[in-house]
Each structure stands twice: as structure tokens, then as C-alpha cells.
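What follows is one structure encoded as C-alpha cells, with my remarks underneath.
Throughout, protein chains are lettered first and strands after them, A, B, ... in sequence-line order, and every chain is numbered starting at 1.
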Amino acid sequence: MIPCYQSATRFIPARYQAALLLEYARSQDLDDQALFLGTHLDASAMVSEQVLLTPGEYLQLLHNLNQVVASRDTPFMLGQQLLPGHLGNLSHALLQARNLRQALDILIRYQAWLSPLLAPRLMTLGDKTALYWTDSCVTPRLRGFVVEMMMTAVSGMSRWLSGLRLPWQYRFNRTQPAYIEQYAVHLGTETRFNDYIDAMLIDAEWLDRPWPRGNEMTVTLALAAVEQHTPAEFCRQSLLAALYDYLAERIRLAPTLERTSADFGCSPATFKRHLAQHHTHFQAELDLVRAHVTLKMIDQQGYSNEQIAAYLGFHDANNFRRSFKRWTGLTPSMLRAHLLQARLME
Amino acid sequence: MSAIIFFPPAAAMLAAPRFALIVMTLLAGVFVLIYASLGEAKPLAVWNWMDIVGEGGTALMSALWVMLVLSSRPSGRVTSLLAGGLAAIALGAWVDSLDEFFAIPKTQLWDNWLESLLMPGGMLTLTAGLYFWRQEQFSLNDHMRKRERLFREHRAFDRITQLADAEYLRRQIRLEQARSADQPCALILLDVNQFHQINRQYGQAEGNRVLQAISHLLLLNLRSDDLLCRYAGDRFAVLMPATTRDDASRMAHHLEHCVRLLAHHTQAGSERLRITARVASAVADQEVDTLLERLNAMLEPASPSALEMAAAA
């Protein structure tokens, strides 16, 4: 059985994420009650070490804030404070990370604590490294909010710890928002919308530049302490993130719902229900992974449609082309033109 | 400073209506007692329902207006006059409606006096209140001038700085471009350097205070026709009607200089923060979104490697 958390699993320390939300709500002169609406929480829970939230509750708090503050800068302001955060040894390890690569590795490995709602991942696109985000536990309505928050968090952390505003380029799987000014001020002008992926790209050379506070010894010790205090049954990934990895590994083997649910330790019906609770279904997740694999193959190795179709187990290139259009809204050749154009612009 | 004018403490705003409600209820009760003891109850058959609904309704509505005025305005002369006038009208109508339930002997004149004092007295007080409210409004308009310019839309205002947002700015630029195409307006963007570090080091509350201080500082240094907006985050925008490129650039550098001279002290430790800003200005002779994109790009710090070299040098 593959261990993973779901939106009703209780593991998020209230003292960190929820306390930040409370502090922000108070800085906006909001009543505590408005923030905790629809949950069983109150301000006293924010200081207790024992209180844990579910991703669902965390989302509810974000939803409440978004409703009450009704200001477009909320996700960006929250993101600024999110990383390295207040998670003891884990935040300490981030704070002393040797370079960007190590900080991102920590973020990905400990995503259940640092980014429980969206799963961060790395992929190489040409001479750039892309940090891209897939769903863990978000509602379609709050997805944009959480993407804005997490991208600001990583940008803010890397800017603070490196001492420089790193030249990130941002791509968003959404239409351009009316409040583009928030992106311009908090993320910069290198933003592109209507993309097939939510990603932030950076030249690979920035990954290994040493950071002024970097201290390998501290990081090693802090992470060892984190591991020591992590219960054996703790899930490091969400259901959707684990499913993504599972499908990516078996993408050539035509994964089925039956086999997958068995490997996740439940019946197909139960598995379907779990996925529905996360606002998705098996085929959608499979298509997403195939689209990302295709993207990598086109971008990195310049494979032809025939080669990719054969790799993914399609009967012919036409079939693959049609499917790809369905997954991403683009044909493979449009994507190639898109990528070429982006390269020429740089 | 000016924030006090707009946001009286919530507790004080709640206390005033409650007090007024108690006083009005008490007086209304006293009037009922007086009518009941000195007059004679009319039988149900002769009650004039039309009058009861009309006069009673007027009393209740006016009482509600008192509450609305008191709960939405800070206390002061204008508020007292408006609320006092409306309260007198409410009580006058109440006394009027009591006539419908109790017959007062014609020999007694006090009830006539009560009615003819309360109602017109209330009207006079309310009129005086409205007159002073008009004067108050003129001075507030003056105060709001650099913040709103051509029209009023309270939803567009930011909680922290009381300035309008980017959407409002875009609309104003389009208005200005349409209004005077032959005299182009100019736009300045001003961004606070290393603002994120203030937030990290001193907390967002201190960051908000810095934004407030800067917005006051900028307002004081603008011409009366200019409009100041909070573009987003720590970036401000100034719209300057009928302004040349050179004048805009001069003003931009002046504002940058002002920010550098600002002595902002933190709330916790009274430590002085060194605040600097960078500016970009242009004549607004192109489409709004393109213009803003261009100005934003001008504000982007130079490439990190260039900064690094500058720091190392």
C-alpha cells in the first residue's frame, strides 16, 4: 500500500500555517471569528503544539480570509511570510540551505509540512530548471489563490536568503487576471498566462550559487532532528501527488484504475470516491501525467510525434495528436512553435 | 492623522446609538405615561388606523435614521445636530400618534405645546445639521481631492493607505486621456526598495505603517490636481494631468528625494528605518495596459548579476 494523506487527514501544525493566517487577519483589523467560520478552531488553538489541521480546514481558513479581506494582495502577503516559516528544525534547515537547489530539495521532500496543498516538483526544460506545482488538496476555486501564495513564498524565500531578486520566469495555467498589478509588483514582469503548467523557471546556473547564510553542517543536523521526530506512519505526500508519481513511473504500461487502486490498497469504487473528494478522476490524472511527459520529451529531446506516440503506447501519431490536444488545448506542433518562440525571445 | 476622520474607534461608535436608543425609549415611555394619566383612553371603535400607521411609522423610521446617523458617523457637532433633530422629529411623531389612543380634554394645552415644539424644533435642528454637514463635506472633498480626483467610488479604496487601487487608476487614466487628448497627462510609479525586508524584520504591521507614512508624505508633495493611488504592494502611482515629460521626471525625482529624507521610526523600538525608493515616469500617450507594463519594466531592478557586481565593487 502506498501511504499518502488526503484532505481529511489531520497533520498540519496549526501553530505554523494557521497562526500566520490569524496574524494576517488581525493586521487587517478582522475579527477572529470571521477567520474561523465553519471550523472548530479558535485563537487559543494557534499557540498549542498539539493542535493539528486537515488540509480541508486549512483551505476553509484561506477561503474565509479571501472572502472577508476581499483584497487581491492577500495571497501575495501571506506568501511573503510563509517560508522558511516557523517549523523548528525544518525551517532552520531551509534558513541555512547551502543554495537554491538544496532549499528546493528540502521543500519537495518535506512538502507535507511546507506546502500541503500543492505538490512542488522539479523538471528540466532546456537550459532552465522549472519548479512546477501539481494539486495535492485544493478546490478549483482556491487553486489560483494557493498558486499565487506558494509562488510568492518560494520567490520571497530565495530572494531573502540569496540576497538577490532572482530572475524567475513565471508561467500560469490560467487566463491573465484583471489584477495584473499584483503579479507585476510581487513577482515581476516575467509572467506568462494561458500556459499548460504552473511553473517558475530559472537558469540552471542559479541553483548551485552559494547562499550567504549557507551552512551544510546545520542543515544536516537539523534535518536529522526532523527525521528523528517524524513518526513512522507520517505521510510525506498527498494522494494526488503519490498518484502522479505512480503514474509517471508506469506511464508506458497503460495504467488502469483497477490495478492502481489495488496498489493504493483500496477497491476501485473507494479509490474513485477519494479522487472525487479531491475534485478529479482517474482519467484526468492520467492525462495530466501524459501531458507533462510529452512536454518533457518535446522540450528536452526533440522527439517526433511518432516517437512519443510509440513511447506512450498510442496506436499511431494521429491518435496521440488528438489526445494531446484534448489534454492541453494545444497540438504538439503548436507547442513546439510556442517553445521555439519562447527561446527566441530570450 | 487623517485616518482618524474616517475611522472612529468601533467601541465609541457602538456606544452612542445604544445611549440614544435608551434615552428615546425612556422619553417615549414617559410620554405614554403622561397621556395615560392625564387623558382618557379612546375606545377601539374610534381608532383611526390610517393616522396610527402614518404617524407611528414616521416615528419609527425617524428613530431608525437616528441609529443610522450615529452608527455611521464619528461624534461631533454635525452628528449631534443631525441625530438630535431626527430624534425630536421621531418623538414629535410619537406624541402625535398617542393622540389617536388617548383623548386629552380641550382645556389642556400642554399636548399642543409638546407637538408644536418637538416637530418644528426637530426640523430646525436637522436643517442646521445639514447645513454644517455641507460645510464639512466641502472640507472633506478638499482632503480627498488628491485621492479621488474625478469621481467617487468608495469600494476602490485600500484599507491601509486610504488610497484608490490600480483598477481605479486605469479608469482615471482612460478618463483623463479621453477628456483632454491635446494635453497628455503623465504617470509616475514609485517603488520602495527592499520593502520585503522591512516586512521580514519588523513584521507586516510595521510594513503597513511605513506604507501609511509614505502615502501621507507623497500626498503632501503633490499638486492639488494630481491623483495618488496604491498600485499594488509597495508600489505607488501618481497621475498628473496636463504634464510634460520633463515636469513628470522632475516630480518623480523630487518624490524619490522626499522618501529618502523621511524619518520613519518603528513602533516597537523607535529605530529609524532608512527608506529609499526608485521611480519611473512617462507621458501617458499610449494604451493604459501597455503604459503600465512599460513603467513596471523600468522599475525592475537591474539583472541580479549586475547588482552583485555593484555590491562587490
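Between Tyr231(B) atom OH and Gln182(A) atom CD the span is 9.0 Å, to the nearest 0.5 Å. Considering CG of Asp158(B) and CG of Asp73(A), their distance stands at 7.0 Å, rounded to 0.5 Å. Considering CZ of Arg26(A) and CD of Gln204(B), their distance stands at 14.5 Å, rounded to 0.5 Å. Between the CZ atom of Arg159(A) and the CZ atom of Arg200(B) there is a distance of 10.0 Å, given to the nearest 0.5 Å. Here the CD atom belonging to Glu293(B) is positioned 8.0 Å from the OG1 atom belonging to Thr191(A), to the nearest 0.5 angstrom.
Enclosure of atom CZ in Arg72(A) is not indicated, since only 12 or fewer non-hydrogen atoms of other residues, nucleotides or ligands lie within 6.0 angstrom. More than 12 heavy atoms of other residues, nucleotides or ligands shown are found within 6.0 angstrom of CZ on Arg174(A). No more than 12 heavy atoms of other residues, nucleotides or ligands sit less than 6.0 Å from atom NE2 of His257(B). Atom CZ of Arg174(B) has more than 12 neighbouring heavy atoms from other residues, nucleotides or ligands inside a 6.0 Å radius.
Proximity to chain A (any heavy atom under 4.5 Å) is shown, for Arg294(B), by neither the backbone nor the side chain. Residue Ile160(B) touches chain A through its side chain alone, counting heavy-atom pairs closer than 4.5 Å. Within the 4.5 angstrom heavy-atom criterion, atoms from both the backbone and the side chain of Asp234(B) approach chain A. Of the atoms belonging to Asn296(B), heavy atoms from both backbone and side chain fall under 4.5 Å from chain A. For Glu23(A), no part lies under 4.5 angstrom from a heavy atom of chain B. Neither the backbone nor the side chain of Gln194(B) comes within contact range of chain A; no heavy atoms are under 4.5 Å apart.
Phe193(A) pairs by the ring pair (Phe, Tyr, Trp, His ring centres under 6.0 Å) definition with Phe172(A), Tyr183(A), not counting sequence neighbours.
Salt-bridge formation is detected for the pair Glu181(A)/Arg170(B): a Lys NZ or Arg NE/NH1/NH2 atom is positioned less than 4.0 Å from an Asp or Glu carboxylate oxygen.
Closest non-hydrogen pair, Thr189(A) versus Ala297(B), comes out as CG2-N, 4.0 Å.
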- prompt: Can you list the steps and then say if Gln81(A) with Asn199(B) is a side-chain hydrogen bond (donor to acceptor under 3.5 Å, both in side chains)?
  reply: CA-CA 8 Å; Gln81(A) 307 280 315; Asn199(B) 273 339; 5.2 Å; no
